[in-house]
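This structure is a prediction, so every number in the text was calculated from the model and none was measured. Indexing begins at 1, ligand by ligand and atom by atom, following the structure's order.
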Amino acid sequence: MGQGSYNPYETAQTQFDNVADLIGLEDSVRQLLRQPIREFHFTIPVKMDDGSTKIFNGYRIQHNDARGPAKGGIRFHPLETVDTIRALAMWMTWKCAVVDIPLGGGKGGVICDPHNLSKAEQERLCRGYVRQLAKNFGPYADVPAPDVMTSGQHMLWMMDEYEAIHGGHYPGTITGKPVGMGGSLGRKEATGYGVIYTLREALKVLNIDISKTTASLQGFGNVAEYAARLYTSLGGTIVAISCWDNNDKKAYTFRNLKGIDIEQMAQIKDAFGTIDKEKAVAMGCELLPGDEWIAQDVDILLPCALENQITPETFAKISDRVKVICEGANGPTTPDADELIKARKIYLIPDFLCNAGGVTCSYFEQVQCNMNYFWSLEEVLEKLDYKMTTAFHAVHNLAQEKGLYMRDAAYVIAINRVAEAVKLRGWV
Ligand code: GLU
């Protein structure tokens, strides 16, 4: 979200411009890629349960579709901004390109707080969103998915509305659908597992035994939960988790220096990732201020919540022991904090590589929907691991070869792929 004066679109453009300079990108390609190719801004009237009608503002932004249909989530958030969605759409383009899947980048959002909407109101909002956009997205144009505060159920209502409008079955219209309704096994684990596949590979190249590491996590939504599950199953210890408490409207950090039991923690959170404080304390966790997660004496930091979390101000609290930052969230680090990470030689796994597991599995979901034949969980996870591991090593090797920061190396690969596609298509 746009927090104070922070603008994620400026961050996305600064990151892009720096790498465009580095690789000497032609001006026309640069102008095309530093902004979205198409934007839809619309209003969504929703009949509320009390009989009133509320008007919501919705957006869908397609950054680039030269390599395939635009792809990316739809977020429901009260502080959503157009520039946040622009930045996220742009990051989706690089994300799909760095893992080399035939999709472009898009993102959508609705300014709303789903905590305050009944299930029926959420359904009408989802259907209203699709009615406004029905002509401008679909399996061959732009394929949405879940994101912050949206779920498989939201996606299914959206798909149902799309199919009602277009008169047929189009399961490839939207991904992240429930399993059995066109969803893929492994989709709920995919983003978090992907984060840990890249972390596992990073620790290998750094010669660090994962089972001797400790980590601190920001967020406990779907991405964070599954990252924590896989990390602990590989022997790592999570000592702190920070998450938003929607009742108190502030974040807390839950800490247990002996290690947090992730399975137990998952059982005491609600659908939006808020952890029950009393139960967590009863489980042996200390309750600390929300921003304490970043100050923990751990080997690995896993920001898996929102953008703009690692800034020069919060960087100052990072322990000297931290060796790896794994960006499970989109855009958690500001460009000025990147300079500090570089200077301290902390190994960074950049967001659009680190969290690409979700969209990679979305791509698998589309492939399975098109074939109308669904793979086993093992098959999905094996293919996911292969894609993430291959992409990680390509970025790591380029960074080593050219002495680049990991984020810049990932950008070089992604921008070159998209630039080639727009040139081959004759767009520039
Ligand atoms: N919302 C996820 C992301 O930011 C997944 C997008 C998708 O599956 O299309 O990567």
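- Checked options Arg86, Arg60, Gln62, His63; the residue passing with Glu39 is Arg86 (criterion: side chain to side chain donor-acceptor pair (under 3.5 Å)).
- The protein atom (non-hydrogen) at minimum distance from atom 7 (C) of ligand 1 is Ala145 CB, 3.3 Å.
- Between Tyr129 and the options Tyr162, Phe137, Phe40, Phe42, a ring-ring contact (aromatic ring centres under 6.0 Å, His included) holds for only Phe42.
- By the 30° and 60° cut-offs, the orientation of the rings of Phe392 relative to His396 is parallel.
- Counting heavy atoms closer than 4.0 Å to ligand 1, residue Ala356 contributes nothing at all.
- Residue-level proximity to ligand 1 for Lys107 is carried by the side chain, the only part with a heavy atom below 4.0 angstrom.
- Protein heavy atom in closest approach to atom 9 (O) of ligand 1: Lys71 NZ, 2.7 Å.
- When non-hydrogen atoms are compared, ligand 1 lies under 4.0 Å from neither the backbone nor the side chain of Glu365.
- For Glu313, the CD atom counts as loosely surrounded, since its 6.0 Å shell holds 12 or fewer non-hydrogen atoms of other residues, nucleotides or ligands.
- Gln132 contributes no side-chain N or O that, together with a main-chain N or O of Gly128, makes up a donor-acceptor pair within less than 3.5 Å.
- Proximity of Asn330 to ligand 1, defined as any heavy-atom pair under 4.0 Å, is confined to the side chain (atoms from C-beta onward).
- Atom 2 (C) of ligand 1 has Asp147 OD2, 3.9 Å as its closest protein atom, hydrogens excluded (heavy atom only).
- Ranking protein heavy atoms by distance to atom 10 (O) of ligand 1, first place goes to Lys95 NZ, 2.7 Å.
- Under the side-chain contact (heavy atoms from CB on, under 4.5 Å) rule, Phe352 has a single partner from Val99, Val98, Val359, Asn330, which is Val98.
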